[in-house]
Number of protein chains: 4
Amino acid sequence: MYDADDDQSHVSAPQALTSSSKEKLRQFVARIETLETEKSELAEQLKEVYGEAKSLGFDTKALRAVIRLRKQDANDRAEAEMMLDLYLEAVGEI
Amino acid sequence: MYDADDDQSHVSAPQALTSSSKEKLRQFVARIETLETEKSELAEQLKEVYGEAKSLGFDTKALRAVIRLRKQDANDRAEAEMMLDLYLEAVGEI
Amino acid sequence: MYDADDDQSHVSAPQALTSSSKEKLRQFVARIETLETEKSELAEQLKEVYGEAKSLGFDTKALRAVIRLRKQDANDRAEAEMMLDLYLEAVGEI
Amino acid sequence: MYDADDDQSHVSAPQALTSSSKEKLRQFVARIETLETEKSELAEQLKEVYGEAKSLGFDTKALRAVIRLRKQDANDRAEAEMMLDLYLEAVGEI
DNA sequence: CACGGCGTACATCGCC
DNA sequence: GGCGATGTACGCCGTG
């Protein structure tokens with residue numbers, strides 16, 4: 001996208017961004033980078049937690065498996081709910 | 001995990017976890033799940049931001065490229081900084 | 001799905017599938033699962049081939065790029081062919 | 001990878017491939033392209049099957065959900081098996 | 001240090 | 001034709 005303000009044509013000719021578009025773009029970049037920074041920090045903390053568990057003698061592989069299973073269960077429940085809705089709709093109950 | 005409290009041996013005898021170990025395990029699981037939830041929320045917000053940018057006509061693929069490049073630049077700068085420090089230290093400037 | 005045999009109405013009344021429909025459904029599921037199994041096996045074999053190439057010292061990323069480019073070329077050639085046919089037909093040469 | 005026969009150094013200097021390496025490369029490309037062709041054909045057939053089901057009045061969305069669920073169940077069983085092994089190993093039973 | 005697993009990003013496809 | 005979902009590929013990290 002070359003100019004979010006101007007472009008009504010969908011042509012691919014390069015054109016400069018308006019200053020308004022540039023400003024919006026800057027803001028998007030800033031918001032994204034903030035969120036990614038926070039996300040990286042959480043990832044960092046997760047690593048630390050696993051490291052701490054490991055240093056206390058826990059098997060991180062098994063620990064990760066537990067986490068994965070619990071998540072999977074949650075997903076399964078959500079999926080089951082979805083399927084129920086789908087079936088109810090299929091038999092005209094919605 | 002054999003038992004973070006008991007096991008100093010790494011032998012293969014089956015043994016249950018002590019209640020203390022179980023409690024620690026529960027806490028680790030809780031901490032991890034909290035962090036992962038927050039991480040997912042940030043991921044969600046990132047998707048929303050990209051979606052908003054897209055709805056305003058910005059090319060998200062290009063936007064992602066911008067983010068990636070800036071990140072790379074930051075890494076490069078950090079690395080250069082590290083090298084500089086290393087050299088300064090090597091010549092006794094620190 | 002209301003009933004592939006019966007339903008001409010698209011009304012929302014709940015109704016069970018006829019046994020004939022159920023049988024068809026089973027067959028569809030079976031055919032799909034067979035095809036997906038075969039597809040997974042091919043995917044598996046592809047992984048093995050890439051693994052073998054890697055173990056012989058080839059850069060799999062470059063190898064993948066080669067495959068991608070050749071595929072693109074093939075697509076381009078097919079498209080050119082189609083255009084040619086279209087033009088030939090347009091000038092009454094077919 | 002610049003030469004699968006010669007390169008013991010892992011340096012990144014560009015160098016020509018030996019004819020032996022080139023030949024191997026050609027064979028890998030051929031094998032990969034064969035497998036990918038077959039995979040695409042299966043994908044094509046899958047599309048046809050779903051299309052046929054749809055034309056007979058079946059709800060493909062529900063059909064896909066069924067397939068997904070059955071696959072998920074299989075995965076769950078495999079995962080459960082893995083967890084069992086993991087736990088058995090953790091208590092020294094392997 | 002090389003490998004495999006995991007999470008993420010891209011592309012494709014079916015649907016609307 | 002845009003959008004959402006799904007399958008595939010890449011990069012990163014932890015591990016042996």
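Lettering of chains follows the sequences in order, A, B, ..., and the numbering in each one begins at 1.
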Quiz prompt | Side-chain ion pair, A:Lys39 and A:Glu36, N-O less than 4.0 Å | solution = no

Self-check item: Salt-bridge contact C:Glu23-C:Arg26 (side-chain N to carboxylate O under 4.0 Å)
Solution: yes

Whole angstrom is fine here: how far is it from [atom1] in [X] over to [atom2] in [N]?
X       : N      : atom1 : atom2 : answer
C:Asp59 : E:dA2  : CG    : P     : 13 Å
B:Glu44 : F:dG4  : CD    : P     : 12 Å
C:Ile67 : E:dA11 : CD1   : C1'   : 18 Å
A:Gln72 : E:dG7  : CD    : P     : 12 Å
C:Ile32 : E:dG14 : CD1   : P     : 13 Å
B:Tyr50 : E:dA9  : OH    : C1'   : 10 Å

Practice problem: Among B:Leu42, B:Thr37, B:Thr34, find the residue that satisfies the side chain to side chain contact (heavy atoms under 4.5 Å, CB included) test when tested with A:Leu42. | Solution: B:Leu42

Let me have the donor-acceptor pairs involving side chains of residues 63-79 of chain C, under 3.5 Å, with sequence neighbours excluded, atom names and distances please.
{"from": "C:Arg70", "atom 1": "NE", "to": "D:Glu33", "atom 2": "OE2", "distance (Å)": "2.6"}
{"from": "C:Arg70", "atom 1": "NH2", "to": "D:Glu33", "atom 2": "OE1", "distance (Å)": "3.0"}
{"from": "C:Gln72", "atom 1": "NE2", "to": "C:Asp76", "atom 2": "OD1", "distance (Å)": "3.3"}

Quiz item: Nucleotide by nucleotide, 5' to 3', does protein get under 4.0 Å of the base (B), only the sugar-phosphate (S), or neither (-) in nucleotides 6-16 of chain F, counting heavy atoms?
Solution: S-S-SS--SS-

Quiz item: Under a 4.5 Å cut-off applied to non-hydrogen side-chain atoms, are D:Leu86 and D:Met83 in contact?
Solution: yes

Practice problem: Could you grab the distance from atom OH of A:Tyr50 to atom CD of A:Gln45, nearest 0.5 Å is fine? | Solution: 13.5 Å

